[in-house]
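Below you'll find the structure, written out as C-alpha cells, and then a few comments.
Proteins get letters first, then strands, A, B, ... in listed order; numbering begins at 1 in each.
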Amino acid sequence: MTDAATQTRPQAEKTAQITIVEALNRAFVDAMEADEKVLLLGEDVADPEDGGVVGISKGLSTRFGNHRVRSTPIAEQAIVGAAIGASLIGYRPVAEIMLMNFSTVAMDMIVNHAAKLRFMSGGQTGVPITIRMMTGSGIASGGQHSDYLEAWFSHVAGLKVVAPSTPEDAYGLLRACIDDPDPCIFIENLLLYGSKGPAPQAGHKVEIGKAAIRREGSDLTIVSYSRLAVEAQAAAARLAEDGISAEVIDLRSIQPWDKEAVLASVAKTGRLLVVHEATKPFGAGAEIAATVNHELFGRLKAPVHRLGGAFCAVPFSRPLETAFAPDAARIVDAAKSLCA
Amino acid sequence: MTDAATQTRPQAEKTAQITIVEALNRAFVDAMEADEKVLLLGEDVADPEDGGVVGISKGLSTRFGNHRVRSTPIAEQAIVGAAIGASLIGYRPVAEIMLMNFSTVAMDMIVNHAAKLRFMSGGQTGVPITIRMMTGSGIASGGQHSDYLEAWFSHVAGLKVVAPSTPEDAYGLLRACIDDPDPCIFIENLLLYGSKGPAPQAGHKVEIGKAAIRREGSDLTIVSYSRLAVEAQAAAARLAEDGISAEVIDLRSIQPWDKEAVLASVAKTGRLLVVHEATKPFGAGAEIAATVNHELFGRLKAPVHRLGGAFCAVPFSRPLETAFAPDAARIVDAAKSLCA
Amino acid sequence: MTNSYAPDAGTLMDIFRRMALLKGNDERSRKLLATGRVVAPYYSYRGQEVIPSSVSAALRDDDYICTIYRGIHDMLAKGMPLKQLWAEVAGREDGTCKGKGGPMHLTYPAKGIMVTTGIVGSSMPIANGLAWGSQLDGNDRVTVAYFGDGASNIGAFHEALNLAAVWKLPVVFVCQNNRYGEHTAYATATSAKRIADRAVGYDIPGVRVDGNDPHAMYAAAAEAIARARGGEGPTLIEAMTFRFHGHVMGDADGYMDKAEKQAAIAADPYPRFRAQLIADNVADEATLAKIEADVEAAIDEAVEFALASPFPSTDELRRDVFADDSIVPEESFA
Amino acid sequence: MTNSYAPDAGTLMDIFRRMALLKGNDERSRKLLATGRVVAPYYSYRGQEVIPSSVSAALRDDDYICTIYRGIHDMLAKGMPLKQLWAEVAGREDGTCKGKGGPMHLTYPAKGIMVTTGIVGSSMPIANGLAWGSQLDGNDRVTVAYFGDGASNIGAFHEALNLAAVWKLPVVFVCQNNRYGEHTAYATATSAKRIADRAVGYDIPGVRVDGNDPHAMYAAAAEAIARARGGEGPTLIEAMTFRFHGHVMGDADGYMDKAEKQAAIAADPYPRFRAQLIADNVADEATLAKIEADVEAAIDEAVEFALASPFPSTDELRRDVFADDSIVPEESFA
Ligand SMILES: Cc1ncc(C[n+]2csc(CCOP(=O)(O)OP(=O)(O)O)c2C)c(N)n1
Ligand SMILES: Cc1ncc(C[n+]2csc(CCOP(=O)(O)OP(=O)(O)O)c2C)c(N)n1
Ligand SMILES: [Mg+2]
Ligand SMILES: [Mg+2]
C-alpha cells in the first residue's frame, strides 16, 4: 500500500482545493490534450447544451471541437453502441449515461457487447471505453434516479468498475479508465460533486484495483467506497473518541477490488464491517464478506458485518430517504456492536 | 422442511414421468383454466408460431384464444411493458423473454418499473407478472445466449427469483409465480428441458422461498439450484461411495432464499459448498456464503467454499464450454477438500 | 381532422377550467419550492397546459394515462386531487403514494392515473399493457401515453408504437413537443422533420397539431380517442408547444434560444385563450376570474393540507416492497 | 436508383463468384452439421446470397461490416477466409476467434468484419460507432450494418437510425427481409407496410429493393455506399428475399407458409442468375462450372484444415477477458 501514504497525507500540505466536478473536468482536458483519440459523448455534454447537466464537460467541445465532444439524442443504446464501435478502431470514447438507473436501457450494449467482444473475438478486438454514470440517494430524486448497481457490473467478466470519493481519485481514476484497454464503469456520486479536496497533479493516475487506506486503525476494518467511504471516515473519527480504533479502506475500485489490502487490514484488526449504499442482499459487500471469511477463516474475532441501503426502492420523502442509506451514525453503531 | 419428504420420496412411488417442458405446459393449461386473467405473451409463443421455440406453450393459443396467448414482435421492452400495464389492471401476464441474455434490453422495464411500482405508488398498484427466461451453457450457443443473471435480479428489491430443476418444481413454482402478487423471474435451464421426473399433481404449488433437501447428509452441505442442483446430487452419490455424507439442498428460490433450511443444515454439517453456473465473483453464492458465515460464526468446521462458472463469457468451443461450468467431478473435488 | 371533433362552448370552458388549475398550480409550485419549504425536483410545464387540458376534456374518467416526470399538468387535468398531490410533492403521509414515490412517481388509479415514470420513453410500453387489458376486458377504455419530443428518439418509443399498431391497441401516443430534451434542442437530437412523420413507419395516423391551440388540440385528441375507442387502433399526436422555464427548476436555461423563448412567452396560450373566450362570448371576465380565484383558493387549501400532513414513518421502508410486508428480509435493516 | 450504379459484366461475375461461394458453403454446412462431426447452432442463409454478394461487390476491402448470427454469407462475401471460418465453426484453435466466439461471433478485422452479434438489433448501434470513427479519421470508409426484418421492430434499430441520421454517419443499414423472424411471419410482428418506409421517420433515403436480383441489389447498394462515402449520410435498404430453411438448423419450419416457401425455392436466385449470365453472354457454362468446382475444392480444403486443427487449451478461459490476462481472478477457477 504505497498509495496509503499519499492518501493519508495531511491536506494542509496541498494548497489548491478543487471539487470533484472540477477534477473530472481537468481529467478530461488533460486526457484529450494527451491523446487525440479520446472522445466524449452523451446527453447534453457539448457546450451548446451547457457542457453537461452538472457542468463536468464544460468547455470541452469549445476547446476540442464538436467532432470529439458530441451531445447525443436520448438513446443510451445508441450512445454506448457508438462508443463501442469507435473503440474497436482505436478511439477511446467516454460515454456519459447521466444517471446509473438509465444504464438499464443499455445493458445489452454494456454486458453482451462491451464486456465480451474481446473474449468472443479471441482477442482480435478490444473495447477501451469508459462509461460514466452518476447516482446516489440524498437529493430527493426518488426511486428511479438513485440506485447503485455496481454489483451487477462487477459480476460481469470483462468490465472494470470504479467509484472515487475524492477529487484526486476522481481525476486519477478517470485518467486510468480512459487509458485502460478494457471497458470501465465509472461511478460518480451526486452528493460528492461539490466536495473539495487537494487538486490532483496533472497526469496523476490511480491504478485500477488499488484501494486507499484513509485511516489506520487496529480494532476493526471498515471497507467502503463512493460517498459512504466519506461517512466511514466520519464514523471512524467518532469511534476514536470512544476509544475504538477503526481502519478505513476506501476501495475506489470494486472490480477488481484490492483483496490484498483488505485481507492485510482484517488480518491485523480481526474485524470487518463492509458498508455500501446499494441494498445489502446480493450486493458487492457479499463478495467482500465471503472472500474475507474464506481467506481468514478462524482468524476473525467477530462475524463480518455488512451495512447496505434499505431493501426497497429509494424513497422520496425526506425522512425515509435519510433513513434509507447507512450513515456515520449507523456505521458507528455497527462498529461498536462488532467490537463489543 | 415438510417439503423434504415429498422431494426425496423414491421415484418408483410415482408412475407417470414427464419432462420439464411438459410440466410447464401443464402448469400453463391449469393456470389458464383456473384464472381467466392469466395471459401469455412473447416471441413465437402462439400456435401459428409453433407454440414457442421449445414448444412450452404449444396448444395454448388454440385452446385459450389468440387474445390471451400472443406472439409478439422482437421487442422485449414492449413485451415486458405490455405485461406490466395489463397487470396493473388485474391481469396476470406471463412474459417470455426467450433467453436470459435478452433481458438486458428490458432491464429498465423489469427493474425500474415492475420491481418498484408497488413501492413508489405507496401500495396503490402492484405488478403480478411472471417473466420466464431460459438459459444455460452446454449447447454451444456461446457468449450471448447462456448467462445466468440471477444475482442481478436478486439484488433488486421487489423481485422474486426462482429456478426449478425438476418437472414437479417447474410446475409448482410456475403456478406459484403466476398466483403471486409480485413480479417473479422464472429461470429455466435449457439442458434440463427434456429431463424427466414424477408428474406433478394438478394444482401443486411450491412455496416461493422454500428449498428442497434432495439428499440428507452429515459431513457437508451442498447448496445449489437449477441444473447444477442435479450435478450436486450426482456428486453426492459419488461422495457417498467415498464415505462422505453430503446433504444436498436445491434452493429452488434464490430471492427470497430459504435461510432457515440452509442454516439448519450447515449448523448440522458444519461445512458448506455453494455451487452455481454464474461466475463466482459477485454471484448469488456470495450472499449465501456471507450470510452463513455471519449467522454460524465460530460454528463452521471449514471455510465456506463457492464454485461458479469461469470468469469469462461462455465460450463456444466444446472443451472450453465443458470446462466453463462446475460439474459433478468438480463438486466432488471441492467437497473432498472441504472435508479433508 | 374533420370539424366533427370541434369543441363546443361547454367543452371550451371545461378546457379553460383545467388550464387555469394547471397554470395556477405551476406558478404556486415554483413559488413555494423557491422558499425551500418544500424540497423536490420540479419540472415546470408552464406553457404546455393546453395539451392535457384538451386531451382530458376528450377523455372519460375511467380512461387511463401514463405520464412522465414533467407530468403534473397531465395528472391534474385528468383529475388528480390537489390535496393528495401536494402532500405527495411535500413527501407526506397523506400523499397519493404516502410520500414514497414523490412528484416523479405520482399515481392515482381512482382517476386512471396509472404510472408516472422518470425514465424517458417508458410511459409508452406500459400504456400498451393497459390498453391490452381494456381490449381484453371488452370495455372501450382508452389509454393515453404522454411523452416528450426527446423521448421519440429512444428505443421504447419505437417498440411501443409498433406493438400498439400490430395489436391495434386502444392507445393514443401524445408527444408534447416543447422543442427541447433537457438542454438539447430538437434538431440536435431528432432526425425526423416532424415526429408525426414517424407514424408512417407503423402504418398508423400521425398528426402534428398546434398544442397551444385548444380548438386544434381538442379536435386532434377527440378524433384519436374516438378511433381508439372504436377499435381502430393507435394514433400518434405531435402537439407543438414550448417549455417556458428550464428543464428542471434551478437550471439556468442558458442553452435556450433567447428570441425563441421570448416569442413563445409572448404568445402564452393561457391569456390568449382567455381573451378569446371573452371575445367569442363563451364567457365573461367575471366568470373566468371566479374560476381563477377558486383555483387559488383550492391550491391554498391543498398546500395547507399538505404541510400539515405528517411525514411517513420509517416503517414505510419495509412496506409495499412486496404485497406481503413480512417477506422483506429483517436483516437488511440491521 | 439511377442507372449509373448498374453493375457491369465484371461486377456481375464478381457477384456470381461470391454467390457460388456462399451457396456452396451453406450446402456443405448443413451437410456436415447433419453428420454431427461439427456441432454448432446453424442459421442457414440459403436463398439470401444475392444481398451480401452484391453489397460486398460495391464495398472496398477496408470498409466495415457488422452482422448477425445469420451472417456467414455476409462475412464470406466480405472476404473472411474459409479456413479460419471453418475452424471457428468447429471450435478450433485456428478459428478466427480461437474457437471462443463460435459461429455467432465470428470476427475478422483484417477484412473489416468487426462484430457478429447474437442479439437482435445490436449490429446497428455499433456500426454507427465504426462510422463515427471513420468520419473522425477523415478517410472515406463506409460501414454496413446487416440485420433482419424482425430486428426492425426492436429499440436498437430506432436509436441507431436516428443517431446515424443526426450525425450524418457513413453507414448503410441493410435489412435482409426474409419475411420471418424466427417462427413469426412479417405481418404478425411488423406494422410498417414496408420497412423502407421507416426511413421517413429519420429523414433519410429508404429503398425497398429485390434482394434476389443482383442488378437491382447492386445498384441500390452502390448508390447508398456512394452517398455514405460522399458524406451524405445513411441509407436504409430493405432487401426482399426469402429464407429457404427454418430459422435454425433442426427447426421443423411447420410455421412457414408451404406455398410461399415452394414458390420462393422455385425462384431460387442462384440458378436464375447463373442462367442469366449465360443467356446474356457474360460467361459460359464452363467458366461458371469451374468457379463452382473451385469453391467445392476450397471448402474441402477448409473443412479438412478445420477438422485437423486442435481444440483450444482450457487456459483460453483466462485469456482475452481483459487485455491483461493476469487480472483475471485466480480463485474463480478454484
Ligand atoms: C432513459 C433516460 N435517459 C436520460 C434521462 C434524463 N432525462 C430526463 S428528462 C430528459 C429530457 C427529455 O426530453 P423530452 O422527452 O423532450 O421531454 P421534456 O422534458 O421536454 O418534457 C432527459 C434526457 C432519463 N430520465 N431517462
Ligand atoms: C433481443 C433478442 N431477442 C430475441 C432473440 C431471439 N432471436 C434470435 S433470431 C430471432 C429472429 C430474428 O429475425 P430477423 O431479424 O428477421 O432475422 P432473421 O433471423 O430472419 O435473419 C430472434 C427472435 C435475440 N437473439 N435477441
Ligand atoms: Mg421536450
Ligand atoms: Mg427475418
Please state whether the side chain, the backbone, both or neither of [X] comes within less than 4.5 Å of a heavy atom of chain B.
X        : value
A:Phe297 : side chain
A:Leu300 : both
A:Ile254 : both
A:Val304 : backbone

| Any donor-acceptor pair under 3.5 Å linking the side chain of A:His155 with the backbone of B:Ala151? |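 Judged by distance alone, no pair lies under 3.5 Å.
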| task | Spell out, as yes or no, whether a donor-acceptor pair under 3.5 Å connects the side chain of B:Gln144 to the backbone of A:Asn112. | result |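 Judged by distance alone, yes, a pair lies under 3.5 Å.
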Sort out for me which of [options] touches chain B most, counting heavy-atom pairs under 4.5 Å.
options                                : result
A:Val274, A:Ile288, A:Asp108, A:Asn101 : A:Asp108
A:Gln77, A:Met109, A:Arg118, A:Met120  : A:Met120
A:Gly142, A:Ala286, A:Ala115           : A:Ala286

| message | Nearest 0.5 Å, please: how far is CG in B:Leu296 from CG in A:Asn293? | response |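 So the gap between those two atoms works out to 11.0 Å.
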| Distance from B:Asp147 atom CG to A:Lys116 atom NZ, nearest 0.5 Å? |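 Reported value, rounded in 0.5 Å steps: 3.5 Å.
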| said: Tell me which of these, B:Phe316, B:Phe119, B:Trp257, has more heavy-atom pairs under 4.5 Å with chain A than the rest. | reply: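 Greatest number of close heavy-atom pairs with chain A: B:Phe119.
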| said: I'd like to know which of B:Ala302, B:Gly283, B:Ser103 tops the heavy-atom pair count under 4.5 Å against chain A. | reply: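 With the most close heavy-atom pairs to chain A, the winner is B:Ala302.
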